[in-house]
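To keep things clear, I will list the structure first and then write my remarks on it.
Reminder, nothing fancy here: chain letters follow the sequence lines and each chain counts from 1.
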There are 2 protein chains.
Amino acid sequence: MYGLKPAPFKTGSKLTRCKEPEMYMPTHRRANGNTESVDNYLKAILYLGGREESRVTIKALAERLSVAPASVTNMLQKLAASPAPLVAYERHHGVVLSQAGKRRALEVVRHHRLIETFLYEVLDYPIEEVHEEAERLEHFISERFEERIAAKLGHPKIDPHGHSIPTIEGEMAARESMLLADVVREGTFVIDSVSDRDAQNLRLIEACGITPGARVRVRKSSARGCDGYSVRVGRSARVFDLSREVARDVRIIRLAK
Amino acid sequence: MYGLKPAPFKTGSKLTRCKEPEMYMPTHRRANGNTESVDNYLKAILYLGGREESRVTIKALAERLSVAPASVTNMLQKLAASPAPLVAYERHHGVVLSQAGKRRALEVVRHHRLIETFLYEVLDYPIEEVHEEAERLEHFISERFEERIAAKLGHPKIDPHGHSIPTIEGEMAARESMLLADVVREGTFVIDSVSDRDAQNLRLIEACGITPGARVRVRKSSARGCDGYSVRVGRSARVFDLSREVARDVRIIRLAK
DNA sequence: GAGAGATATTAGGTTAGCCTACTAATCACT
DNA sequence: AGTGATTAGTAGGCTAACCTAATATCTCTC
Ligand SMILES: [Mn+2]
Ligand SMILES: [Mn+2]
Ligand SMILES: [Mn+2]
Ligand SMILES: [Mn+2]
């Protein structure tokens, strides 16, 4: 709120006009106090920092967020300068999340994945459409909403793409898996997860029956130069050929022979 | 998107530096093209214009939106000056919605009320909490989301407060009702709707069993100066005394004796 | 250890939405 | 119709997030 009172300071109050810039309320701030943009920076840092939570470069962030590097520098400086900083930023040496930053990032990821699960399970969205909607809504739902959909879904641990949903306490189960695109030795695998970032690829992947938990036989098929991966799902006869690009959107776990 | 290409204009291009301010993409704009703020202005104009769609004053808007009058003037000027204006604004003579503006306003209202219904019916929200959540989410859901929750709910015509939900085509059923606070002659009424704007009042109202469709006996109880309204719900023995303020949050329809 | 190329920062500018303070127009009432 | 109160509009500022262009720093190779 911005003080609707007329603020009738006596004009005769000497020199102390007490201007007090008054600290405007920013126009778009969400329930939790962060803006959508800030949330997205935090998520990107979490993702790019990887399991080891290594320092993330401005360039990597700029690319992931489709934003100019200068904008990233700007934002990080602001985030790092705040009284309770969400990131630790060192000039020319990238950025890492603070405790608070990591917490918030994981909360947004939890929102995102719960929403995806909800859209898929309850609202019957096609798998390739859940991500875009979740990407927006994740910033705007309340804690109550989060809690209610989690309850409705039976407190799921993974989302429809096979990704772990962080707990309320901010723990996310780590998973050991590899890219389908990194297969060299033919073998049998279980689908761990599929990427949600490219709707087109995802639709294609789903059409092949490649879905978390499915069992697949994978072979590198460098036939005629265009290297791809031939995949047979379950015990079906059909064999699909995935391009390298699509194969990079699938994570798998090798079954011990 | 903002043209990631380096835009390498030849420096030797004479005087025509072709600066082209390039029309930046505003940082927060939603799917449909409006910002949250614009949506809220439209909704407020729709509401304040009433059934007759009369001109709305800057002051009324400023109050409803909790914003300074100067901000309203500014916004209306911008909205009216756009190529496909959402409002018709005349200096010193208030504002009305254009066709397009009315359409959008009704769409947002539809979103709002469908979301409220969904939160109440599917996610078991307490009635007094649905409004706040809907007020935020209404701006951020996609058409698909709208369609899916509508389907899930069986295409409801009224929300849990008793308000009409506009159709997809932008039609909203008008309803004939009066404020409980305007009762002078004792009588029997049906609850038409309750206001969702004040959660506290609403909780109180609900606690009395006053809910859309309920039958009530109302009498003005000007006992000891503090004029209120005594209400008996259904055939219960309990009689509740509502303050004028609370009584203004309930709309009723007189039952033909 | 110098320089080239990559990466990051600074400087200056944009839009959207707010604000306050001041000024202008309209209205309402005698 | 005149005038004071109410209402609206203008001018000037602010933050949040972006942008481009120019500059600084780092890193890696020779
Ligand atoms: Mn996703
Ligand atoms: Mn997002
Ligand atoms: Mn509502
Ligand atoms: Mn709203």
Glu36(A) CD to dC18(D) C1', in whole Å, measures 14 Å
Could you go through Leu179(A) and Arg251(A), starting from their C-alpha distance and side-chain angles, then the distance that decides it, and tell me whether this counts as side chain to side chain contact (heavy atoms under 4.5 Å, CB included)? CA-CA 4 Å; Leu179(A) 293 187; Arg251(A) 299 196 72 93; 3.5 Å; yes
Reading DNA chain D from 5' onward, which residue's closest nucleotide shows up sooner: Ser71(A) or Val56(B)? Val56(B)
Which one, dA8(C), dG9(D), dA17(D), comes nearest to the side chain of Thr35(A)? dA17(D)
Under 3.5 Å between N/O atoms: give me all the protein pairs with nucleotides 24-28 of chain D, atom names plus distance.
none

Quick one: ring-ring contact (aromatic ring centres under 6.0 Å, His included) pairs with a partner in residues 88-110 of chain A, sequence neighbours left out? none
Any donor and acceptor pair, going by atom type alone, linking the side chain of Ser243(A) with main-chain N or O of Gly228(A) inside 3.5 Å? no
Going by heavy atoms in the side chains, are Ile45(A) and Val96(A) under 4.5 Å from each other? no
Sequence-distant partners of Ile168(B), side-chain contact (heavy atoms from CB on, under 4.5 Å), two or more places apart: Arg110(B), Glu146(B)
From dA17(D), dG17(C), dA8(C), nucleotide with atom closest to Val38(A) side chain: dA17(D)
Under-4.0 Å side-chain N/O to phosphate OP1/OP2 contact, Thr73(A) with dT9(C): yes
At a heavy-atom distance below 4.0 Å, what parts of residues 45-53 of chain A sit against DNA chain C? none
What is the distance, to the nearest angstrom, from the CD1 atom on Ile58(A) to the C1' atom on dT9(C)? 9 Å
Within the structure provided, determine whether Asp249(A) and Arg197(A) are in side-chain contact (heavy-atom separation under 4.5 Å). no
What integer distance in Å separates Leu61(A):CG from dT7(C):C1'? 13 Å
Kindly say if Tyr41(A) contacts the phosphate of dC18(D), meaning a side-chain N or O under 4.0 Å from OP1 or OP2. yes
Whether Ser37(A) contacts dC18(D) is assessed here as follows: a side-chain N or O lying under 4.0 Å from the phosphate OP1 or OP2. Is that the case? yes
For Ser82(A), side-chain contact (heavy atoms from CB on, under 4.5 Å) partners two or more places apart: none
Are the ring centres of His139(A) and His111(A) closer than 6.0 Å? no
Pair His131(B), His161(B): side-chain N/O donor-acceptor within cut-off below 3.5 Å: no
Can you classify the ring geometry of Phe140(B) versus Phe140(A) as parallel (below 30°), tilted (30 to 60°) or perpendicular (above 60°)? parallel
Electrostatic pair Glu63(A)-Lys59(A), nearest N-O below 4.0 angstrom: yes
Which residues, if any, of residues 74-85 of chain B bring a heavy atom under 4.0 Å of DNA chain D? Gln77(B)
Quickly work out the His139(B) NE2 to dG17(C) C1' distance and round it to whole Å. 15 Å
